[in-house]
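So the structure is just underneath, and the comments pick up after that.
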Number of protein chains: 4
Amino acid sequence: MPTQAGTLLTSQSLFRCPPPSSHPTRRASAAKEARPQELIDAALELFAEKGFAATRSEEVAARAGVAKGTLYLYYPSKEELLKAVISQRLSSEIVAVTEYANAFQGSCEALLRDVFTEWWSRVFDSPTSAVFKLVITEVRNFPEIAAFYRAEVVEPATALVGEIVERGVRSGEFAPVDVRGAVMSLVFPMIMLCLHKHSLGACAPATDMMEPHAFIRQHVELVLHGLRAHPTSTAGADA
Amino acid sequence: MPTQAGTLLTSQSLFRCPPPSSHPTRRASAAKEARPQELIDAALELFAEKGFAATRSEEVAARAGVAKGTLYLYYPSKEELLKAVISQRLSSEIVAVTEYANAFQGSCEALLRDVFTEWWSRVFDSPTSAVFKLVITEVRNFPEIAAFYRAEVVEPATALVGEIVERGVRSGEFAPVDVRGAVMSLVFPMIMLCLHKHSLGACAPATDMMEPHAFIRQHVELVLHGLRAHPTSTAGADA
Amino acid sequence: MPTQAGTLLTSQSLFRCPPPSSHPTRRASAAKEARPQELIDAALELFAEKGFAATRSEEVAARAGVAKGTLYLYYPSKEELLKAVISQRLSSEIVAVTEYANAFQGSCEALLRDVFTEWWSRVFDSPTSAVFKLVITEVRNFPEIAAFYRAEVVEPATALVGEIVERGVRSGEFAPVDVRGAVMSLVFPMIMLCLHKHSLGACAPATDMMEPHAFIRQHVELVLHGLRAHPTSTAGADA
Amino acid sequence: MPTQAGTLLTSQSLFRCPPPSSHPTRRASAAKEARPQELIDAALELFAEKGFAATRSEEVAARAGVAKGTLYLYYPSKEELLKAVISQRLSSEIVAVTEYANAFQGSCEALLRDVFTEWWSRVFDSPTSAVFKLVITEVRNFPEIAAFYRAEVVEPATALVGEIVERGVRSGEFAPVDVRGAVMSLVFPMIMLCLHKHSLGACAPATDMMEPHAFIRQHVELVLHGLRAHPTSTAGADA
DNA sequence: AATGAATGAGGCTTCATTCAT
DNA sequence: TATGAATGAAGCCTCATTCAT
């Protein structure tokens, strides 16, 4: 039986995942301890590009530079590999933002600006950006992914951003908007940017779009302006 | 002769699609002329739910209430059905918004507010909302979809919204933002709402999210506020 | 139930066949009494061209100018149609040669020359030539065809030609060859000519072959010369 | 890498065919290098028996002693397998006769006698005899086969035999016949013998036919006698 | 550990045949 | 009679997974 990679049901990795590299410090690219990561990277690229069902496991192995059978020494099935891809990538990012935000000193506005223009910009540029497409594409086929993603990504992230906005509203820095909506106004375009990068944006002759990082900055400013103002009509519409 | 589903390469429908039912009297079912639409509806649901590759053509047929072979009387392959699904749904919507906007009288702000809270809200509630997920998921596997979507949806839509914003900027109603970015700030969250509805949002125990229509209204107001203001920092960030 | 067309096990038609035209004299091409023959003609062409298994029954119907379902009003299945094609065509030809030969007056040589250059030449030019390919192709899949063909074609034909040769041998006109072999020497090339016409010969850029009718004449003369001579070496080889 | 079955467009094999086993040690079976040949052998038998379209690829695999999927490791499709069957078998035979004839010393008559009674007799007894049926049956469905067969078999073979006859005619050993016709007179019955073996001849209760090898000898003598003589009547018939 | 040949379940598509009109 | 829409069994081929080397 292959390296069975026990199922963890806790936050860091809901799914089966390979044993942590026994020597996490020494990982030469061609060495076997790097395999799990190489496989995950290859899988992320391919799953995000073609979809899980349309990706052959042999392709993943090939892109990772190993033979078909080798994949099964590390992950018991294609599906477990998918789960590993998602949990591994996102878990580490969540840890990263949380630390980033906790370490921050300054106004709510400055913090939000920072989180998006610094941290999210990096996510956008990294392979992690592909995970959003993967999640959106595959959640409905794999309920475990939904549970994991909600618990490990959506909740911490909305909590994080939500608390900042909340604080701003309470301090009078922001107008009294629906906080959950404000979070969506900030986050949704960021995710869409990632999705676009891996869908239409990856198709040949790109239309002239605003440059992503510039858009991130402009969008954050736009929303911050809006937040500082008084969104009266919404309140009116609700009434 | 079967409803031959010819290939149109012009704007209205890039892909094979059956001619409109000659007898628009929409009888319950069992009527031959209703088949193409029934198949498209079934296919949209399933492709959006499970993905194109993971949906068996027999499932589509079953959901449309016909046998496996019947599907092939109307569409020559699963792939052509996919293209028909996308082009048929989006083509009609694009025509709809354009007419909607052209018929509108009023300020830029009012027009934008209207387009999103009226028209987009309806799209969100309709099955068409699923097409966005489908496009994002499948463009990279089917280049024709990319071409069609860009030409028939992205371009007209950004042109439409862009022109409204542009007019606002020129008239001094809006601050001098990057118009393309403003369009993205408005549209991206709308698309995300649709994507969410058909991905995480469709998974069992929904998190407490802001109610979609309320969010649309708040988001539009937020951005309009922002647009009216002076997005100085962006300019500064670019410098 | 379709015009069941009883199964005749006697010589004229071993297989199920449609009722003989009720008015064999009056047959307008578009009239329904002509259907069975039109279907048989279409089927012969297509079966010979593409093979039985590779020919769709709808194609046969189309070439006969009727709809798919109509075929089944005349023949209960594709297989029965095949049998009808073979038996109908060959039966009439066998009757024809036999009458031809019986009516003949003259030397064995003259009779053989005549049978091949007159009668075979006409068969070669007629659609019946395709039946040989069909029989060779399909006998092993349909044992009934083998039985029919042997009884109705091979035996009468070899008997006919064999008796002529036999007579020549006994009268001293021909050398004492193996009569069955002489028949094969005469008949095999004729059949090959038909097979070639419907296989390689039907493919685009024909090689320069001897003109078929000229070949028939030359071949018959060649063999007749040989028969008049003394095939000593064969006798020697057998001994 | 699987025995990749490259496509050769040159004379020896127009179609995809696997490279010759690198390890000619013919172990019983279960040896990977033997697969291509085993599949070709199985395919030849079945295609010749039932026809290409009527043979299921799984049957071929089963007769070769492997599973369905294994076939596709060696040939990309059933059609490519067909082409491989034909080209592989015939290519080697053509090489064989040519060498045989070139090595021969003796009169034209002796050479012809030899080629047919020695070489052709062996072909008749070998599985290659089935290829003729296959070619006749399938050429019209696969144009590539026609091109290959004409170039690689018909032309070399008629050239070979034709040159011998030609020489005989020029030296006065033979009467001035149409050489192409003489070749047909010699070759056609040989091919028919092969066709018969795999069609009617393979059906249960064989009629009493002359024994094939004896027929070959008698036929060759018959034709040689005829060639030595003066085919005057043909000339007369043409005039 | 790594490989890749082999397997066979499963999906797409075709087409003989039926049957309501 | 004639039609052609509908059916579903059956065939080709793919690919996740196994396992002997």
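So that the names make sense, note that chain A is the first sequence line, chain B the second, and so on, each numbered from 1. Because the structure is predicted, anything quoted here is derived from the model rather than measured.
The interatomic distance linking C:Leu73 (CG) with E:dA20 (P) rounds to 15 Å, in whole Å. Here F:dG4 presents its C1' atom at 14 Å from CD of B:Glu33, a figure rounded to the nearest Å. Put simply, OH on C:Tyr75 is 17 Å from P on E:dT18, counting in whole angstrom units. B:Lys32 places its NZ atom 9 Å from the P atom of F:dG4, with the value rounded to the nearest Å. The distance from atom CD of D:Glu80 to atom C1' of F:dC12 is 14 Å, rounded to the nearest whole Å. For the pair C:Leu81 CG and E:dC15 P, the interatomic distance rounds to 17 Å; values are reported in whole Å. B:Glu59 has its CD atom 14 Å from the P atom of E:dG10, to the nearest Å. Put simply, NZ on A:Lys50 is 14 Å from P on F:dT14, counting in whole angstrom units.
Judged by distance alone, with hydrogens and angles left aside, the side-chain atoms of B:Glu138 form a donor-acceptor pair with the main-chain N or O of B:Phe52 at under 3.5 Å.
Nucleotide E:dA20 forms a Watson-Crick or G-U wobble pair with F:dT3, both donor-acceptor distances falling under 3.5 Å. The partner of F:dG11, taking Watson-Crick or G-U wobble pairs whose two distances both stay under 3.5 Å, is E:dC12.
In this structure, B:Tyr74 OH and B:Lys32 NZ are separated by 6.5 Å, a value rounded to the nearest 0.5 Å.
Taking 4.0 angstrom as the limit, A:Lys68 places none of its side-chain polar atoms (N or O) nearer than this to OP1 or OP2 of E:dG4. When the side-chain nitrogen and oxygen atoms of C:Tyr74 are compared with OP1 and OP2 of F:dA2, one or more of them lie within a distance under 4.0 Å. The phosphate of F:dT1 has neither OP1 nor OP2 within less than 4.0 Å of any side-chain N or O from C:Arg35.
With the nearest nucleotide of DNA chain F identified for both C:Gly69 and A:Gly69, C:Gly69 has the one nearer the 5' end. Along DNA chain E, the nucleotide nearest to B:Phe52 and the one nearest to C:Glu58 differ in position, and the one closer to the 5' end is contacted by B:Phe52. When each of B:Thr55 and C:Ser57 is assigned the nucleotide of DNA chain E with its nearest heavy atom, B:Thr55 is the one assigned upstream, toward the 5' end. Projected onto DNA chain F by closest heavy-atom contact, A:Lys78 and D:Tyr72 fall at different nucleotides, the more 5' of which corresponds to D:Tyr72.
Among the protein residues, B:Thr70 comes within range of the nucleic acid bases, having at least one heavy atom under 4.0 Å from a base atom.
Here the side chains of D:Val131 and D:Leu44 are in contact, with some heavy-atom distance below 4.5 Å. Side-chain contact between C:Phe47 and C:Thr137 is absent, with no heavy atoms from C-beta onward closer than 4.5 Å. With a 4.5 Å cut-off on side-chain heavy atoms, B:Lys83 and B:Glu79 count as touching.
Of the candidates E:dC12, F:dG11, F:dG8, the closest approach to any side-chain atom of B:Arg56 belongs to E:dC12.
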